[in-house]
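In what follows, every chain begins at residue 1, and chains take the letters A, B, ... in the order their sequences are listed.
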Number of protein chains: 8
Amino acid sequence: MSMRSMNDKTGSFACPDVKRFQRQGIPEAIYCPGKTVEQIVAIARALTSPSGHRGPALLTRADEKIFRAVRRNFPSARFHKIARLITISPANFRGGRRAGRAEKIASAYVCVVTAGTTDIPVAEEAAVTAEALGVRVERLYDVGVAGVHRVIERREIIENAAAVVVCAGMEGALPSVVGGLARSIVIGVPTSVGYGANFGGVAALLAMLNSCAPNVATVNIDDGFGAGVIASLIIRKTAPDKK
Amino acid sequence: MSMRSMNDKTGSFACPDVKRFQRQGIPEAIYCPGKTVEQIVAIARALTSPSGHRGPALLTRADEKIFRAVRRNFPSARFHKIARLITISPANFRGGRRAGRAEKIASAYVCVVTAGTTDIPVAEEAAVTAEALGVRVERLYDVGVAGVHRVIERREIIENAAAVVVCAGMEGALPSVVGGLARSIVIGVPTSVGYGANFGGVAALLAMLNSCAPNVATVNIDDGFGAGVIASLIIRKTAPDKK
Amino acid sequence: MSMRSMNDKTGSFACPDVKRFQRQGIPEAIYCPGKTVEQIVAIARALTSPSGHRGPALLTRADEKIFRAVRRNFPSARFHKIARLITISPANFRGGRRAGRAEKIASAYVCVVTAGTTDIPVAEEAAVTAEALGVRVERLYDVGVAGVHRVIERREIIENAAAVVVCAGMEGALPSVVGGLARSIVIGVPTSVGYGANFGGVAALLAMLNSCAPNVATVNIDDGFGAGVIASLIIRKTAPDKK
Amino acid sequence: MSMRSMNDKTGSFACPDVKRFQRQGIPEAIYCPGKTVEQIVAIARALTSPSGHRGPALLTRADEKIFRAVRRNFPSARFHKIARLITISPANFRGGRRAGRAEKIASAYVCVVTAGTTDIPVAEEAAVTAEALGVRVERLYDVGVAGVHRVIERREIIENAAAVVVCAGMEGALPSVVGGLARSIVIGVPTSVGYGANFGGVAALLAMLNSCAPNVATVNIDDGFGAGVIASLIIRKTAPDKK
Amino acid sequence: MSMRSMNDKTGSFACPDVKRFQRQGIPEAIYCPGKTVEQIVAIARALTSPSGHRGPALLTRADEKIFRAVRRNFPSARFHKIARLITISPANFRGGRRAGRAEKIASAYVCVVTAGTTDIPVAEEAAVTAEALGVRVERLYDVGVAGVHRVIERREIIENAAAVVVCAGMEGALPSVVGGLARSIVIGVPTSVGYGANFGGVAALLAMLNSCAPNVATVNIDDGFGAGVIASLIIRKTAPDKK
Amino acid sequence: MSMRSMNDKTGSFACPDVKRFQRQGIPEAIYCPGKTVEQIVAIARALTSPSGHRGPALLTRADEKIFRAVRRNFPSARFHKIARLITISPANFRGGRRAGRAEKIASAYVCVVTAGTTDIPVAEEAAVTAEALGVRVERLYDVGVAGVHRVIERREIIENAAAVVVCAGMEGALPSVVGGLARSIVIGVPTSVGYGANFGGVAALLAMLNSCAPNVATVNIDDGFGAGVIASLIIRKTAPDKK
Amino acid sequence: MSMRSMNDKTGSFACPDVKRFQRQGIPEAIYCPGKTVEQIVAIARALTSPSGHRGPALLTRADEKIFRAVRRNFPSARFHKIARLITISPANFRGGRRAGRAEKIASAYVCVVTAGTTDIPVAEEAAVTAEALGVRVERLYDVGVAGVHRVIERREIIENAAAVVVCAGMEGALPSVVGGLARSIVIGVPTSVGYGANFGGVAALLAMLNSCAPNVATVNIDDGFGAGVIASLIIRKTAPDKK
Amino acid sequence: MSMRSMNDKTGSFACPDVKRFQRQGIPEAIYCPGKTVEQIVAIARALTSPSGHRGPALLTRADEKIFRAVRRNFPSARFHKIARLITISPANFRGGRRAGRAEKIASAYVCVVTAGTTDIPVAEEAAVTAEALGVRVERLYDVGVAGVHRVIERREIIENAAAVVVCAGMEGALPSVVGGLARSIVIGVPTSVGYGANFGGVAALLAMLNSCAPNVATVNIDDGFGAGVIASLIIRKTAPDKK
């Protein structure tokens, strides 16, 4: 059966949760791997239609090829290459970066930290997601625990953050150290950086789950998007329709 | 070598982080399994001494026998039996439940949810921890997904919470459903409730890490204490010495 | 040794169970990966020969290249692209879709459900398999638990199904929710959709095995074919030679 | 906090799904491990009250001590020792074994099979569950694959069953052999019987999930209760309120 | 450092066990993956030199490209394509197939069995290895347990074998059934055939290790070579230098 | 349901394979854990009755309590304490140790080796099983690889064995070393001796499966019985009814 | 067979490597779990006999009961309770603590570090082992990474050590931080301290294996003895017979 | 965001630990996979700048393409092809090979051993790392345990080494045998050489962690670099700034 005939049968192959942004302040994300470009565009259109959720749409794990197709349909789409993320702001979406910019000056920020340089793509996914939701982000990259003076010398930026996202692969120890410095919650993002007994990020994941710092919560391996959403919710805390 | 001679040698066998509460607003917890009663009392004394951290001390996974020994040294200690938690409030600690009570009326609360009745001990560990830190808690127990009407009928209490803690064993599906309802972050606590291919909570842990609701963060299996601390930090957000 | 010389030695390299359809009403399936096109065609010929099993032959995980070779030998073969499935109906096979169509009006149907759009190929494998066996199928796609209202609003189609197939990746929570709504058994099909701690479908598999809904049975990761066969057997229940 | 004070706070510690039997024809089961005797009795009372679900209540993994407490509250409770199962039939429940007996003569039965004698407790949990739901059961025990003539000589009882439950530990191969003989679906129940690389039933579980017989569906390790419910639903197929 | 400079330093990069055939009657095998063609040829030359082990050299997991390079150096080399095996018989090797042929008529044989057609490459690796060592082989392919009559109808060839090699993927149940029929030991070879919860052959491996037939021994996943050597040793039993 | 009533219903709760010894020369073994003493005695009686299999019955993983009950029914039963094995020789069984003794002088023997002293119970299970089947056994204990001179000094006993059983826990390296010395096959028995990353014998199991000595075959963790049967079959090679 | 009769047969049940101390400077250790008290005493006697290895014998994972039996045979035996270690110094052993004491003043020391107080038993096993071999030990306990100032304030003792042993459970992050401070190698000892996704020390083990500090080597979970031996060898570096 | 704009924002995307060599005598290594060529060159430049660490920079898992880019920036860079390692010696680095050469004659050496030829790339990574740090290396390749005479005949080179690095895949048994011969510590490097139940080096890793030779410490799978650093530190023992 072709895609078309399936659509004829079911009315629609997809049933996106178009009200999520109004209901929860969480953008609908489209995880691109395993979807055709046609599916991606169709879902993005449903989300951003007038009856849709009126917040930004985020396309995660995207590449240049997907971006070219998306931009043909959404001229305002932006591709954040390192983050592998496409953001689409619907016409009627005010807020986001502009409103966020004012808010940034006045208030809280998320600190996004990495242990090494190879963790940066995941960190950027978190940072750009938060920025797309209007949240101020401070970056602190390549400060892993084998040279612990690096993070300690910069501890003030951690202490004052409203939420901290820490991306680390290999042994995943950095969230525990940061967790002992922060006054807020720390969202550990294990990355799949490493080899051998790292098992694609499992070593880092287990380290974060077993952190002796009780303020560390964990998301899935390489899930920068989730960490960005969680950090944003902590800062915004109230649903956007109440603003 | 006896415990005593080791102490003679090292000055002290333990080096508790007595300033954590001032620094971070996080209470020092003593995880009891694997420690002797003598060690537990000694660490508790260090924490609550005038030079200590001046916040509540929490003794997790405690039992009646430990409580009897603790109470001889700390008459104000309380044992929360279902939560398997002992709380010690030092003399100079104001706040906690009293200050919290005023705060409760005016402001935010944590909603603690369980999928089944067997998850309650873990949920109580989270709830009592939050209450010891002066945070209001609303409980919603035994509303697992196989009868999903139970949680949907009570969705208002979830929507309005400043943070939601969801404890679930077996397939650990409840945080995803709650994550789709909440306007705040959801802290998933996988419990070791189940048998067979549950692998002591691993099935629930993996479910929460892979949640399709992006606002779900996860802590270790049965880690009610961590969830309670995280939920409290979200509500209090600023360190207590700044209040 | 070449394929030919091996055949010379053993009489035949394959020993397909040509009577399975008569004996059990289960079509013989050829799992294509790891087989050469020549092997696939040869086995298909044995199955559909006059002495063969006289039911449909199903070629799973097929692709365009295999289909082109198969069609040269079996002009009536059809390729269900999304399902990656080739169906071959032997000349003397009556029933299947035609007989099934009459049956459909009068009686029971299988409801095939997915959590997301990326689960659709597996769901289509189940649906097309059931249809090839003459069973009516209702599709309900992209109704995952993070927006649980989607499945609850459509619960009638689940309640009235004679069997429900639920395909879900990531945390695999949907079968538990559906299991709490259905009056029939629910066949959970974990899919390999996800990343990180999903471990290629293991997270979803464990969730389904540990479902708190007791009417959920599970098949292998991505095994849409098996789910389609099981759902069909429940509806037909009596062996075809008794019809 | 004592159990009592928790109840005072929450109204009720448990929120059982009292309408499940009417809604789905599935009895509410109470999994006993990890619950106090008081909790077990309280939940059982809620289920069997006039406003309750009016079907049988099943208490799984029970022991003599639990039974003595239950019988004091429910004189009609019966303890199935080998199955480790307590059944409670509420006063207004007609059907069950009596109605079932008439039905047995006229119609379908479930065949419950074991590979070895040590698998019998799990098999009895399945069999007694099905009987409590009014379904006829035929038992076929200790016919494992290392003496495959045993099951082949008795194949007629398998061929004619409306559903087959196969309990096997160790290598869990029996469902595949039975799956090749049956005309109905086979519900594989891996048991934790074995040692070493059996990993508490994982070897058998994987075998059943990977069965080359496509009519095999699997439930959790040692989950006789689930298998009994599923087999019963296949036979009854229509919800009890439609009878 | 280049390969050459390393050789200059160490005298030789390889230290093959050139006396193994005389000492044990086991051919030295060269596992090709991860070795350069140059390394493969150099090791083969060392083995087959006059001071070498004077038995056949076997190159496992080879491909056409390796074969072309090998044949340039060893004109008598043969490539067994399905088995992915190259055999090199040194000039002074008498025995092997010729001596074996006489022995074949008079005496014992190894029976090599597969569950499906996709297991054949592994089975051929075992069969060709045994034949290279002068042992008679009977093949019995595609007789998996879901149609158990296939193997039972051919049980005589199993009962009379001096050793049986059974290659099976998916649930790996066939060695248990064969183990219940054979009068000799059964060497189970799990294959990586399957998908999902098969985990690259782990499901089949665990099944064989947990076989309820006590005469089943197991080798590594896809290790047809090892099974061929073991089966040959059982038949020859005495070291070749005693012949 | 009591054991008795279950028996009334099913005719018999057990269906032992009473002809196995005649058919295959393999004794029926009763794995004691998880069986009641009554079940054990009943199965043993079925096996040793005049219509039974007329070979020795072996009761593995037995203890003193089981032995006392067994001896009341089978006065000739012997308990091999270190091996945790009970052997029962039926009245009409000739052969075993006596016949074996004559055979011992004339012919082949099995060499049973351990790496450490803690592996001895498993080794004795293998050795006593082989002796019960009339096979001569030579023991070589506590010769692990960290003092490799121990096994090399005794290599002659290994070289001349018709089969070698090697029991090793921890890293399980000994079978590879022995495999490089033996002229026969080596049956590796991983033991659960060890701690930490040994994972109850998994480390040793994996080592044996991956042995670079191709003549090593592996059985389940702690499966001394299986190793004893396999070693005996190699020596006897022809079924006992042909003797 | 009783222990005695087995001994009669084999000459000796154990074959300890009595020359190891002379050959390598490594004491023979007796791992007590799984051995009878009689076996332990017998092996200790062999090791400490005039023909034995003339170094200290260490009995690991011992308890009071074993110590009482050992002391009856070796009056000079000492029990290190927290380390669960018994040390026996043979009469002719000079060196060890006495000679070591002189050496201590003059030269290098091992620094033994723990993350928490519950890791102390493992740390003491390492420390006492090193001391029994005449090596000076400095202890630094309870300085885990969630309060990273604790270890940084004490960094001088780490920087000047000739070798550092770091014992840590939970997320096992401390060796990475210490590895970034030390000028020597760091021996990471994962401990089984923790719960849930710690998996009995696996989380800590993986963290240490994946440490981003390249000077970290790892031993088995809870293997304080091995760490003590390795640290001692680094300090002593030359075999004792060369002293 | 492009790489450039990210740099603009953060000042620098990387924060290398430029003082590590002075502080610890450990070279900073750049693990190449997952980094762009631009990142690699930029980090290398920071490390080797006048304010940098003044020791050698090592680029691990490099390939020809990376080398070509590196050489354009660092003409003195050398590519060790088999080791997949690029070494860069800054202008002001004296010592290393030259100073090392004098030291080599006078003193200690590291012995690097492999079990097979396929383990050589990992061994060369260790050897070249040690040589880059001025340490003398003796190579002993292809001496695996299945022909244990090979290593025993060459035992003198092992006995006299100051540290031994043993690289082994498959069952990873060689470190235990070497551990029983050496007078120094043995650093086991599990390699990912093998297939099937080797699980990418896990079998070898577990073997080394469970070694019965207590002087074996382990590093990550394929981590030749770490082993080279550790071996060098043992030999040099004092920090380079003290030389």
Self-check item: Check: Asp142(E) main-chain N/O paired with Thr114(E) side-chain donor or acceptor under 3.5 Å
Solution: yes
Quiz item: Looking only at atom types and distance, does a side-chain atom of Thr191(D) sit under 3.5 Å from a main-chain N or O of Gly169(D), one as donor and one as acceptor?
Solution: yes
Let's test your reading of the structure: which of [options] forms the most heavy-atom pairs below 4.5 Å with chain E?
| options | value |
| --- | --- |
| Ala213(D), Gly180(D), Ser176(D), Ala207(D) | Ser176(D) |
| Ala197(D), Gly144(D), Ala173(D) | Ala197(D) |
| Asn198(D), Leu209(D), Val216(D) | Asn198(D) |

Quiz item: Do you know the tightest heavy-atom contact between Asp119(E) and Cys167(E)?
Solution: OD2-O, 3.7 Å
Quiz item: Can you tell which of Asn215(E), Leu206(E), Leu181(E) has the highest number of heavy-atom pairs within less than 4.5 Å of chain D?
Solution: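 The answer is Leu206(E).
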Quiz prompt | Residue selection (most heavy-atom pairs with chain D, distance under 4.5 Å) from Ala115(E), Ala203(E), Gly147(E) | solution =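 Most heavy-atom pairs within the cutoff with chain D belong to Ala203(E).
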Quiz item: Hey, is Glu124(E) close enough to Lys81(E) for a salt bridge, meaning N to O under 4.0 Å?
Solution: no
Quiz item: Under 6.0 Å from the CD atom of Glu156(E), do we count more than 12 heavy atoms belonging to anything else shown?
Solution: no
Quiz item: Do the non-hydrogen side-chain atoms of Cys32(E) and Ile40(E) ever get within less than 4.5 Å of each other?
Solution: yes
Go through the atoms of [X] and report whether side chain, backbone, both or neither lie under 4.5 Å from a heavy atom of chain D.
| X | answer |
| --- | --- |
| Val148(E) | side chain |
| Ile152(E) | side chain |
| Phe199(E) | side chain |

